[in-house]
Student: 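Okay, handing you the structure first.
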Amino acid sequence: MRKPVAAAVFALGLTPALAFAHHGWGSYDAAKKFTIESAVEHVVWQNPHVHVTLKYQDATWEVTLAPVSRMTRRGVEEAMLKPGTVIAAEGYPSTRTEHEMRAERITIAGKVFEMR
Amino acid sequence: MLESLYAYFDSLPALYETFLRTVEFSQLGDLARRSVWLYPAANTLHVLGAAFLVGAILVYDIRILRGREPTKTALTLSIIGLILLLITGPTMFSAEATAIGHNPIFQLKMAIILAALINVLLHWIAGSALPRLARLHAVISGLLWTAALIFGRLIAYF
């Protein structure tokens with residue numbers, strides 16, 4: 001009888017850590033949602049995440065998007081992000097790296113693409 | 001003598017940076033970033049490898065704690081898991097080595113794995129001649145490998 005109880009207590013102890021991990025995006029401040037709308041400076045179409053750089057308040061921000069396969073599935077192709085294209089990225093600032101944003105969604109030519 | 005030792009330690013951080021850049025700009029790193037499927041495949045197989053390794057190790061440890069001979073199946077499964085992990089881990093690492101190499105959770109995970117491997121080595125040397133020592137190794141093993149798995153998953157969130 002005692003062993004299953006001990007196992008259950010151990011499993012419960014792990015739950016907060018797992019819940020935290022699941023709701024993830026841990027190093028981004030979800031309370032500070034903001035939007036950057038500017039022309040794409042540079043696009044890095046690669047795994048584990050696609051990145052674009054955008055100008056925001058006189059600084060260049062690195063915007064982290066989704067993995068390549070998810071970008072494609074959601075309908076975003078590399079050509080749609082070519083430098084000069086104006087896009088809007090809505091997301092959260094990194095708590096770790098200055099001028100880095102993780103985008104929740106991006107808007108290209110009036111069309112919204114979810115990144116999560 | 002001491003001076004050259006200091007010089008050696010002073011050169012280590014720069015050496016580490018060079019290592020990270022070399023790995024990131026390697027052909028493997030390039031492939032892991034460019035390929036649509038390689039990174040997700042490595043990611044998936046890394047989970048499978050961890051399930052095999054940590055699951056089998058826990059079975060092994062529990063048998064030792066109960067004073068039984070460990071099964072060969074557990075050992076074989078843990079080795080298959082380890083091989084999967086050693087192929088897929090460096091693949092993912094190479095895709096963004098300079099970032100991951102500075103991730104505190106990744107560094108912690110590597111330190112835990114190093115400690116766990118030293119524990120394996122000590123267990124091999126000591127064997128099961130001393131049951132109490134074998135049990136201590138089993139407890140340390142279970143805790144360290146479980147911790148390695150948890151911190152591995154948390155790398156993505158720090």
Student: Is there a path from Leu48(B) to Ile150(B) through hydrophobic residues (I, L, V, M, F, W, Y) whose side chains come within less than 4.5 Å of each other?
Tutor: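 The answer is no; the residues belong to distinct hydrophobic clusters.
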
Student: Got a second to check how far Ser27(A)'s OG is from Tyr157(B)'s OH, nearest 0.5 Å?
Tutor: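 Here the rounded value is 10.5 Å.
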
Student: Supply the atom-to-atom distance Asn103(B) CG to Arg96(A) CZ, rounded to the nearest 0.5 angstrom.
Tutor: 7.0 Å

Student: Side chains of Ser35(B) and Val68(A), heavy atoms from C-beta outward: is any pair under 4.5 Å?
Tutor: no

Student: What about Phe106(B) and Leu86(B), same hydrophobic cluster or not, with Ile/Leu/Val/Met/Phe/Trp/Tyr joined at side-chain heavy-atom distances under 4.5 Å?
Tutor: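 Yes, it is one cluster - the side chains of Phe106(B) and Leu86(B) are joined through contacts under 4.5 Å.
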
Student: Which distance, rounded to the nearest 0.5 Å, do you find between the CD of Glu96(B) and the CG of Asn47(A)?
Tutor: 9.5 Å

Student: If two hydrophobic side chains count as joined below 4.5 Å and joins carry through other members, does Met80(A) share a cluster with Val86(A)?
Tutor: no

Student: More than 12 heavy atoms of other residues, nucleotides or ligands under 6.0 Å from NZ of Lys32(A): yes or no?
Tutor: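 Atom NZ in Lys32(A) is not crowded, with 12 or fewer foreign heavy atoms closer than 6.0 Å.
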
